[in-house]
Amino acid sequence: MNTEQILAEIREANLSYMMLAQSLIRSDREQALYRLGISEETANLIGALSAAQMMKIAGGNTLLCRFRMDDDLVWSLLTSHGKAAANDGVSRLHASILMAGRHQEAA
């Protein structure tokens, strides 16, 4: 994959992310804040963007979304590394609880 292809993929991912974010914010604001990990102010801004503004923002060469799981414990829980498949649901629940707690700390 060359540089132009990578930049095109980033722009496409940005537009998809912006459209998803705006749709979530408009349909269920509280869920959007939690699932996207954004503040009220950011939600207000994204929710009010026009299509042209979203296209302009998405057209940059910087990826707008990022991984929220930045520690080994959450990644280990999500991937069920070293655990039986039967514990998969419990591991995912535990990871969700940890991430929800971090969302509350950030808010």
Side-chain angles (χ1 to χ4, degrees):
M1 193 177 263
N2 66 33
T3 303
E4 271 309 307
Q5 289 172 317
I6 291 170
L7 292 175
E9 293 286 336
I10 288 172
R11 288 188 291 270
E12 185 176 334
N14 283 345
L15 184 56
S16 294
Y17 181 71
M18 292 298 296
M19 290 171 59
L20 172 64
Q22 193 175 62
S23 176
L24 284 171
I25 291 164
R26 288 178 176 174
S27 67
D28 188 342
R29 186 176 199 79
E30 289 303 314
Q31 281 291 321
L33 295 177
Y34 168 70
R35 299 217 180 272
L36 298 170
I38 60 174
S39 67
E40 276 285 337
E41 295 80 24
T42 302
N44 290 337
L45 179 75
I46 294 171
L49 291 174
S50 69
Q53 289 171 315
M54 289 202 333
M55 291 291 291
K56 184 175 181 180
I57 292 168
N61 62 0
T62 301
L63 195 60
L64 296 175
C65 57
R66 69 178 183 92
F67 288 109
R68 290 175 43 203
M69 295 77 65
D70 57 0
D71 70 41
D72 293 335
L73 175 60
V74 175
W75 278 108
S76 179
L77 289 167
L78 289 172
T79 60
S80 298
H81 184 69
K83 306 229 181 196
N87 290 330
D88 186 49
V90 174
S91 294
R92 288 188 176 279
L93 177 61
H94 188 196
S96 293
I97 291 168
L98 286 173
M99 289 188 301
R102 291 188 183 136
H103 173 70
Q104 289 294 8
E105 290 170 5

Chemist: Is it the case that one hydrophobic cluster holds both L33 and L20, taking links as side-chain heavy atoms less than 4.5 Å apart, direct or via other members?
Modeler: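 Per the 4.5 Å side-chain linkage, L33 and L20 are co-clustered.
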
Chemist: Whether the side chain of S23 engages the backbone of M19 through a donor-acceptor N/O pair (distance < 3.5 Å, no angle test) should be reported.
Modeler: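 Between the backbone of M19 and the side chain of S23 there is no qualifying donor-acceptor contact (under 3.5 Å).
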
Chemist: Kindly say whether T62 contributes a backbone atom to a donor-acceptor pair with the side chain of N14 at under 3.5 angstrom?
Modeler: yes

Chemist: Would the number of heavy atoms belonging to other residues, nucleotides or ligands and lying under 6.0 Å from CD of Q31 be above 12?
Modeler: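 Correct, the count exceeds 12.
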
Chemist: Taking all atoms of both residues into account, what is the closest heavy-atom pair of Q22 and L49, and its distance?
Modeler: NE2-O, 2.9 Å

Chemist: Once rounded to the nearest 0.5 Å, what's the spacing between atom OH of Y17 and atom CD1 of I46?
Modeler: 6.5 Å

Chemist: Do you know which two heavy atoms are closest between A13 and L63, and how far apart they sit?
Modeler: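 Residues A13 and L63, closest heavy atoms: CB-CD1, 4.0 Å.
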
Chemist: Identify, with sequence neighbours excluded, every residue that meets side chain to side chain contact (heavy atoms under 4.5 Å, CB included) alongside E41.
Modeler: S39

Chemist: Quick one, R29 and E40 - any side-chain contact, counting heavy atoms below 4.5 Å?
Modeler: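 The answer is yes, as the side chains (C-beta and beyond) meet within the 4.5 Å cut-off.
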
Chemist: Using the test side chain to side chain contact (heavy atoms under 4.5 Å, CB included), find all partners of L45 that sit at least two apart in sequence or belong to another chain.
Modeler: none

Chemist: Treat each ILVMFWY residue as a node, draw an edge where side-chain heavy atoms are under 4.5 Å apart, and state whether I25 and M55 are in one component.
Modeler: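 Yes, one cluster joins them.
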
Chemist: Taking the side chain as every heavy atom from C-beta outward, state whether T42 and L36 have any atom pair closer than 4.5 Å.
Modeler: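 The answer is no; the side chains never approach within 4.5 Å.
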
Chemist: Any sub-3.5 Å donor-acceptor pair from Q5's side-chain atoms to N2's backbone N or O?
Modeler: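 The answer is yes, because a donor-acceptor pair under 3.5 Å joins these two groups.
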
